[in-house]
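What follows is a short report on a single structure.
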There are 2 protein chains.
Amino acid sequence: VTMTSSTPTMPAPATANTIEVLSDRVAVGWSDGSSDGFHHIWLRDNCGCAECRHVFVGERLSDPASIALDIAPSSVVGGDSVQIVWPGGHRSTFSSNWLRMHAYGPSASARRTSVFHYWTAAEVQTPPQMHFDDVMASDESLLEWLRLLRRFGFTIVKGVPTEPGTVTQLAQRIGNLRNSNFGLIWEVESMPKPESLAYTSVKLTAHTDLVSRESQPGLQFLHCLVNEASGGESILVDGFSVAEELKRQGPEHHATLSRVNASFRYQNDFTDVQASFPVVRLDHNNEYYEVRYSNALLAPLQCDPHDVGPFYAVYHYFSQILRDPKWEYSFRLEAGDCEVFDNRRVLHGRQEFDPQTGARHLQGCYVDTDDFLSRLRVLERTQDFRIR
Amino acid sequence: VTMTSSTPTMPAPATANTIEVLSDRVAVGWSDGSSDGFHHIWLRDNCGCAECRHVFVGERLSDPASIALDIAPSSVVGGDSVQIVWPGGHRSTFSSNWLRMHAYGPSASARRTSVFHYWTAAEVQTPPQMHFDDVMASDESLLEWLRLLRRFGFTIVKGVPTEPGTVTQLAQRIGNLRNSNFGLIWEVESMPKPESLAYTSVKLTAHTDLVSRESQPGLQFLHCLVNEASGGESILVDGFSVAEELKRQGPEHHATLSRVNASFRYQNDFTDVQASFPVVRLDHNNEYYEVRYSNALLAPLQCDPHDVGPFYAVYHYFSQILRDPKWEYSFRLEAGDCEVFDNRRVLHGRQEFDPQTGARHLQGCYVDTDDFLSRLRVLERTQDFRIR
């Protein structure tokens, strides 16, 4: 469910030209010459008939554990749909589009292409941006915005009314707000009794938010209401670009950073939240899952003693690359701008500012990656989800 | 940050009897004869002085990347605290308790004991239970309740007023409510246009909730307002007990179930949430992280074709063990009872009920594991967190 996983939401027109029933699976040959295998038990298990799946709810009614492990079809017919008769007479029909979208194995993997662009600062001097009125008014613009967010991991939304609270309207265009100990919406300004370094005027090196929580929030929204202070320029860094750079420069460092658990902790009078995960986390396909990096919340390392030296060495190295201007997109948020970014991929920071020179006030909130991807899938849906 | 990770919150009185400065670390010998090593860079990095850590916020101000990788102390003195002088004159003081709590390596691991009891149905015929008035009134009872929850993965809270909405008071005694597409609080009753099988009257085999979300909610609360229908008995199963049973019966099956990603998907007109994780998920120490199991939301498997057969075989096997009465704690929720359980460990279900025989109405909500453990740590805190 990482933002970087490609999900088969867009159907490609498909015809099952050839059908071959093998001992454990059905081999389907497509019109483009490629083919995919579907195991018998997989096909029976994914039957979408009214007996196997609740017509209104769409959830599965059949129990996978009730299917014989050695089940095999009595007959299979191809075409625009694949129709199967099972011993005992149960029938399953799959649209060929659905089958092709849900295929697994090398041929299916080869068809999937990455939708991500890992960037340098130079490449985003003209940042991906949208206008508030457009994304609020039309689903087409909303989809365009979400695709930019997925591709670059950040966008700037212009023209967001500077009335306090507006950031939540923008966020809720995507999904539910994610709650945290800072509340559903939080104020970024210099405060006398800060609960976080964010609420002071000090420089914040590029970091991800809520690193001490098991699930770092996915999308972060930072809406500028006032920015009259000198200093305080915003910084964004594509953490996946930097991780790739680390891999090029020192693959053994990259392996350490993605293997050894760092520890993170946030404490105040009412809260004590802890998490331990690698700074660069990979998924089961060795693709980037997330970056988790915040000096302020780093806690005592609790790893194998042999990993202490290597961890600090790569942490230094990674930190140096992160601060290289090659990767730091630096800009000034103006009143009415809202930066929206994938908090698990794109690190954010700001320069020190001088609160004596003028007010600086941002409002922020979060939306989970699940909800972001859900909205994207629903907008990209081309048929009723109940149709198999 | 799994509920099963033991965290060093309880300080044991400690004195650093012997100090030996080695090439890369300081070896500290404790009064009980055991010893721990602390790498020089680890010690310098975790300095808690006002220059290195914000006095009020408690967050780190120093930058780990600014410390020389080959730093070594100029002098170290032990006792109730460990006092270090670094080249250049910077001084760090650690209480010996703090050091011992944050020690890493074999000796520290050996000191940590499990606080979890994996149960059979017979062992919980008298279930761990608390009274609503007690947990609402006193922090001592709250702590007792949370420790029961951690140990058994579930409790029954008796005497919860049957006024709608009361379940949120109970949950907020622990932390923020976790939002979902079902809302902050949801009604479990038979509905004409259900969004989920939970909102029908059919039998629900034991499952975990929100399997299609990256982060399954940690604590689940199910508060019974009315139960006058015949049928509908509640079921709880300790998923970690069942996983251990699977490991005893077939270690190769256990390895498959904890390695191969299953896929899960929840769809309705406005939502399409997907996740892929193993059904039994282990952490980096090979300890149980969570169980993720729901037939209703299982989606087409997207794994290596060689894993399809082995996955279905173990899924069958695991499902059979799950339904063995040896593991199924079956009971009737009465009005005023609230079952509270770790949704990532303890599976829940219910028998079919007959809505014609009387009303059955539960209200439910979730609290994240982070917030549960945070409350537990704060209640167990024995000193101001700012004191190092």
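Heavy atoms only: backbone and side chains are in, while hydrogens, waters and symmetry mates are out. Everything numeric in this text was worked out from a predicted model, so none of it was measured.
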Taken in chain and number order and not counting sequence neighbours, the residues that satisfy side chain to side chain donor-acceptor pair (under 3.5 Å) with His39(B) are Tyr104(B)
Practice task
Look at Arg381(A) together with Asp269(B) and state whether they make a salt bridge at an N to O cut-off of under 4.0 Å.
Solution key: no
Is there a side chain to side chain contact (heavy atoms under 4.5 Å, CB included) between Tyr289(B) and Glu214(A) once you walk through the steps? CA-CA 12 Å; Tyr289(B) 187 93; Glu214(A) 178 192 29; 2.2 Å; yes
Exercise. Evaluate the side-chain proximity of Val308(A) to Arg25(B): yes if any heavy-atom separation is below 4.5 Å, no if none is.
Key: no
Applying a strict 4.5 Å limit to non-hydrogen atoms, the region of Ser180(B) in contact with chain A is backbone
Applying a strict 4.5 Å limit to non-hydrogen atoms, the region of Asn295(A) in contact with chain B is both
Between the OH atom in Tyr317(A) and the CG atom in Leu69(B), the distance rounded to the nearest 0.5 Å is 12.5 Å
- Between the side chain of Gln302(A) and the main-chain N/O of His102(B), is any donor-acceptor distance below 3.5 Å? yes
If you tally heavy-atom pairs under 4.5 Å between each of Gly309(A), Ala103(A), Ser319(A) and chain B, the highest tally belongs to Ala103(A)
dist Ser276(B):OG -> Asp283(A):CG (nearest 0.5 Å) comes out at 9.5 Å
* Under 3.5 Å donor-acceptor, His284(B) side chain and Arg259(A) backbone -> no
Checked Asn179(B), Leu301(B), Leu177(B) vs chain A; the most non-hydrogen pairs under 4.5 Å come from Leu301(B)
Practice item. For residues Arg60(A) and Leu298(B), determine if any side-chain heavy atom of one lies less than 4.5 Å from a side-chain heavy atom of the other. Key: yes
Residue set satisfying side chain to side chain donor-acceptor pair (under 3.5 Å) with Asn176(A), at least two apart, ordered chain then number -> none
When the 4.5 angstrom heavy-atom criterion is applied to Asn285(B) and chain A, the contacting part is neither
Between Asp272(B) and Ser374(A) the two heavy atoms that sit nearest each other are N-OG, 2.8 Å
The reported gap from CZ in Phe311(B) to CG in Asp45(A) (rounded to nearest 0.5 angstrom) is 8.5 Å
Answer key: most heavy-atom pairs under 4.5 Å with chain A among Ser263(B), Ala299(B), Pro305(B) is Pro305(B)
task: Using the side chain to side chain contact (heavy atoms under 4.5 Å, CB included) rule, take Asp63(A) and Arg323(B) through it: C-alpha gap first, then chi angles, then the decisive distance, then the call.
output: CA-CA 13 Å; Asp63(A) 179 357; Arg323(B) 295 164 203 182; 2.5 Å; yes
If one checks every heavy atom of Phe264(B) against chain A at 4.5 Å, the contacting part turns out to be neither
Assert top hit (heavy-atom pairs under 4.5 Å, partner chain B, pool Trp42(A), Tyr266(A), Phe318(A), Phe38(A)) equals Trp42(A)
CD (Gln274(A)) and CG (Asp370(B)) are apart, to the nearest 0.5 Å, by 10.0 Å
Check: Got Asp368(A) and Arg213(B) here, is their nearest side-chain heavy-atom distance under 4.5 Å?
Finding: yes
Turns out that what part of Ala108(B) lies under 4.5 Å from chain A's heavy atoms comes down to neither
Minimal heavy-atom distance between Ala296(A) and Glu59(B), with the atoms involved, is CB-OE1, 3.4 Å
When the 4.5 angstrom heavy-atom criterion is applied to Arg178(B) and chain A, the contacting part is neither
